[in-house]
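The sequence lines fix the lettering, A, B, ..., with proteins before strands; numbering per chain opens at 1.
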Amino acid sequence: MVDSEIELSELQRTRQEKAEALRKRGTEPYPPHAARTDTTAQAKDRYARVEPTLPEGGEDNAELTLVGRLISRRHQGKTIFAHIRDGFGELQLYIRRDDVGEEAFEDFLKLYDLGDFVQASGRLFRTRAGEVSLRVSDISMLSKALNAPPEKWHGLQDVETRYRQRYADLIANEEVREVFIKRSKIVSSIRRFLDGRGFIEVETPTLQPLYGGAAARPFTTIHHALGQTFYLRIADELYLKRLIVGGFERVYEIAKDFRNEGMDRNHQPEFTMLEWYEAYADYRHVMAMTEDLIRQIAADVFGEPRFTKDDNEIDVSAPFARKTLRDAIKEASGVDYVALLGREELLAAARAAGADIASDTVWPRIVDELLKQFVRPNLIQPTFLLDYPVELSPLAKRKPDDPTHVERFQLYIGGGEIANAFSELNDPMDQLARFLGQQRDREAGDEEAMPIDEDYVNALMYGMPPTGGIGIGIDRLTMLLTDQPNIRDVILFPAMRALPKRGPGRAVESAG
RNA sequence: GGGCCGCUAGCUCAAUUGGCAGAGCAACUGACUCUUAAUCAGUUGGUUGGAGGUUCGAGUCCUCCGCGGCUCACCA
């Protein structure tokens, strides 16, 4: 900012001039220290405690100093009512010229604006209208804002500005703040849950020499000193299982994954995934644990095992429904894919049932389409679908009684996939064979097929105990629990296309 | 990437058939010592996303470009 010419808007210039006016009279508009004695919430709590001991209309005799952003101001002759908001709530200030002196009173009117951070000292009382307020004896500037806050009644509506300038969105829209507070509660609930069960939280590489653990296109980058290509991880899975090989029995990681694919209401290029792995557990154990986890999160976030998503009341208190993928598809579409092992046969049956499927779709993808089109939209209440065709699951262990299927489950709630888990494949030679199968798909043009990870196979050759593992998309889980329809509404700074270069200083267009 | 829709003052939104670009909030000037979307009187603020074109005349119609939303395809 030092050497750039910033063209301020008229409103910004007006505010800048006010900051200069304060400076000229010896008041720093950006002082280094605040002297808060109480948050707005503490102040209200305090008044609730002392009010019964006060005479009617009496003032608390304690002098408090509160801080916050000035969010409203109503001037009435020689009094001003204003609200400040801090991180804990809002509180009304009652400012009388006789209390603060003429100069401070005039300054507050002329040089302070909505959006400024202020510090106010005074005593608590209740107004005739019934609102607990601070009768101000002293007020000062903590930080002069040059941008006007968004309109007070409608807030900030413009979707693009809300995402590009999340700071303005958070200032203007209380419900947006609440979504991200809930997200934080969800994540801390997860950590508490896993920590309490003897898991350790670990960190594995974001920059990986080889990507794996999921079917997706990666972001590619170059490490200059090594002269080597790295990939941003698309999953943590293979590293976490290396740790199981190494002897850690219970590990988890909550981390950003990156996938270089399309963006829509359910997809962002970077997103947050929880994965955990437990030695000597199978997918049924993981399933039981997942159910407990969801129940705990609901209790922590809502205080009850019920919440609303898309106008559906979802109840997580009862045992979650469990059915095999085969039965679920058969019930919903009449198609029994296990009896239709030929691609043509399955495609014909799926289309006869009304599915919209492209002609060149491969067998496992047809099964996936049947799931998407017939089953998934109806899985509103929590439902585990289990036992997937091996072709869909290159890292999962086969069922002992049916090698065409793997011990895998997905959890669906509110019509969306919340978790994907399986008994981990620990047979190194089977794993190698699956990688080779992926390699063939890759050579056939499937850009999302996994590359062969020889080091991972090498790790398995040291022996991995029977292990259960799971991935839970934190963003999707948050969408479910905050009833948000778009993933961007649960990611603070969603990816957006960069704006073309233009002059800084405009309130709206300058971000990005 | 395809289809559809959108972009007007700092914010929220108007503008009839192509005919003077407006309102509320914010800001500015003033009145008002218990207001709370305060009220009242007045004032300022615009490259209508950008560039072209058609036209006597374009926010409005056409072309191209930018950004965004919804949706379809792929994916979690």
Look at the side chain of A:Ala129 and decide which nucleotide, out of B:C34, B:U12, B:U36, has an atom nearest to it. B:U36
Using a 4.0 Å heavy-atom cut-off, does A:Asn260 contact any base of the nucleic acid, only the sugar-phosphate backbone, or nothing at all? nothing
Among B:U12, B:A26, B:C74, the one nearest A:Asp264 by side-chain distance: B:C74
Mind calculating the distance between OH (A:Tyr94) and C1' (B:A38) to the nearest angstrom? 14 Å
Do the charged groups of A:Arg123 and A:Asp60 touch, with an N to O distance under 4.0 Å? no
Length of the CD-P vector between A:Glu275 and B:A76, whole Å: 12 Å
Between A:Tyr239 and A:Glu237, is any side-chain donor less than 3.5 angstrom from a side-chain acceptor? no
Measuring from the side chain of A:Thr14 (C-beta onward, heavy atoms only), which nucleotide among B:C74, B:C28, B:U33 has the closest atom? B:C28
Paired to B:U33 by Watson-Crick or G-U wobble criteria (both distances under 3.5 Å) is none
Under 4.0 Å, heavy atoms only, any strand: does A:Ala235 hit a base, just the sugar-phosphate, or nothing? nothing
What does A:Gln268 touch in the nucleic acid at a heavy-atom separation under 4.0 angstrom: a base, only the sugar-phosphate, or nothing? base
Nearest listed nucleotide, side chain of A:Lys78, among B:A27, B:U33, B:A26: B:U33
May I ask you to say what A:Gly155 touches in the nucleic acid, namely base, sugar-phosphate or nothing, with a heavy-atom cut-off under 4.0 Å? sugar-phosphate
For A:Gln92 and A:Thr127, does a side-chain donor sit closer than 3.5 Å to a side-chain acceptor? no
Looking at A:Lys372, I'd like to know whether one of its side-chain N or O atoms comes within less than 4.0 Å of OP1 or OP2 on B:A73. no
With no hydrogens and no angle check, just 3.5 Å: does a side-chain donor-acceptor pair link A:Glu424 and A:Tyr283? no
Assess the pair A:Phe125 and A:Tyr94: is the distance between their ring centroids shorter than 6.0 Å? yes
From B:C70, B:U12, B:G68, nucleotide with atom closest to A:Met496 side chain: B:G68
Taking atom P in both B:A21 and B:A9, what distance in whole Å separates the two? 16 Å
When the distance from NE2 of A:His83 to C1' of B:A26 is rounded to whole Å, what number comes out? 18 Å
In whole angstrom, give the distance that lies between atom CG of A:Leu109 and atom C1' of B:G30. 12 Å
What distance, rounded to whole Å, do you find between the two P atoms, one in B:G46 and one in B:U36? 33 Å
Closest-nucleotide ordering on RNA chain B, the 5'-leading residue of A:Phe125 and A:Asp356: A:Phe125
In this structure, how many angstroms lie between the C1' atom of B:U36 and the CG atom of A:Leu91, rounded? 13 Å
Return whichever of A:Arg128 or A:Pro150 has its heavy-atom-nearest nucleotide of RNA chain B closer to the 5' end. A:Pro150
Tell me whether the OP1 or OP2 atom of B:C28 has a side-chain N or O from A:Arg13 closer than 4.0 Å. no
Counting heavy atoms from C-beta on, name the nucleotide in B:U12, B:U36, B:C32 closest to the side chain of A:His75. B:C32
Is the distance from OP1 or OP2 of B:A38 to the nearest side-chain N or O of A:Arg74 less than 4.0 Å? yes
Is A:Leu11 touching bases, backbone alone, or none of the nucleic acid, heavy atoms closer than 4.0 Å? base
Please determine, by modelled atom types, if A:Asp453 and A:Tyr211 share a side-chain donor-acceptor pair under 3.5 angstrom. no
Between B:A76 atom C1' and A:Ile487 atom CD1, what is the distance in whole Å? 8 Å
Side chains of A:Glu253 and A:Thr204 only: does a donor on one sit below 3.5 Å from an acceptor on the other? yes
Starting from P on B:U44, measure out to CD on A:Glu10 and report it in whole angstrom. 11 Å
Mind checking if A:Asp98 touches a base, just sugar-phosphate, or nothing, with heavy atoms under 4.0 Å? base
Quick one: is A:Arg497 getting a side-chain N or O under 4.0 Å of the B:C67 phosphate, OP1 or OP2? yes
Under 3.5 Å, is there any donor-acceptor pair linking the side chain of A:Ser72 to the base of B:U36? no
Go through B:C11, B:U35, B:C70 for me and flag the one nearest to the A:Gln76 side chain. B:U35
Partner nucleotide, any strand, of B:A27 [Watson-Crick/G-U, under 3.5 Å]: B:U43
Proximity to the side chain of A:Arg476 - top-ranked nucleotide from B:C28, B:C32, B:A76: B:A76
Using distance alone, with no hydrogens and no angle criterion, decide if A:Asp475 and A:Gln268 have a side-chain donor and acceptor under 3.5 Å apart. no
Expressed in whole Å, how much space separates the C1' atoms belonging to B:A58 and B:U48? 11 Å
Using atom P of each nucleotide, how far apart are B:C11 and B:C34 to the nearest Å? 35 Å
Same-atom distance (C1') from B:G18 to B:C65, integer angstrom: 24 Å
In Watson-Crick or G-U wobble terms, both distances under 3.5 Å, what is the partner of B:U55? none
Less than 4.0 angstrom between a side-chain N/O of A:Asn266 and OP1 or OP2 of B:C74, yes or no? no
A:Phe258 near the nucleic acid: base, sugar-phosphate alone, or nothing, with a heavy-atom cut-off under 4.0 Å? nothing
If I pick the C1' atom on B:A23 and the same atom on B:A14, what distance separates them, to the nearest angstrom? 7 Å
Does B:U48 have a Watson-Crick or wobble mate here (both distances under 3.5 Å), and if so which one? none
Quickly work out the A:Lys152 NZ to B:A38 P distance and round it to whole Å. 3 Å
Using atom P in both nucleotides, what's the gap between B:U55 and B:G45 to the nearest angstrom? 34 Å
Please work out whether the ring planes of A:Trp276 and A:Phe193 are parallel, tilted or perpendicular, with thresholds of 30° and 60°. tilted
Re B:G22: Watson-Crick or G-U wobble partner, both distances kept under 3.5 Å, found to be B:C13
Under a 3.5 Å cut-off for both contacts, is B:U8 paired Watson-Crick or G-U wobble with anything, and if yes, with which nucleotide? none
Can you find a side chain N or O atom of A:Arg73 that sits less than 4.0 Å from OP1 or OP2 on B:C25? no
Taking the P atom in each of B:U16 and B:C25, what is the distance between them to the nearest angstrom? 24 Å
Would you tell me if any nitrogen or oxygen in the side chain of A:Arg164 comes within less than 4.0 Å of OP1 or OP2 on B:G68? yes
Select one nucleotide: of B:A76, B:A26, B:C67, the one nearest the side-chain heavy atoms of A:Glu160. B:C67
Suppose we call a contact any N or O donor and acceptor under 3.5 Å apart; does that hold for the side chain of A:Glu151 and the base of B:G24? yes
Side chains of A:Leu385 and A:Thr324: closer than 4.5 Å at any heavy-atom pair? no
Under 3.5 Å, is there an N or O donor on one side and an acceptor on the other linking the side chain of A:Arg97 and the base of B:U33? no
Of the candidate nucleotides B:A27, B:C11, B:C34, which contains the atom at the shortest distance from the side chain of A:Phe81? B:C34
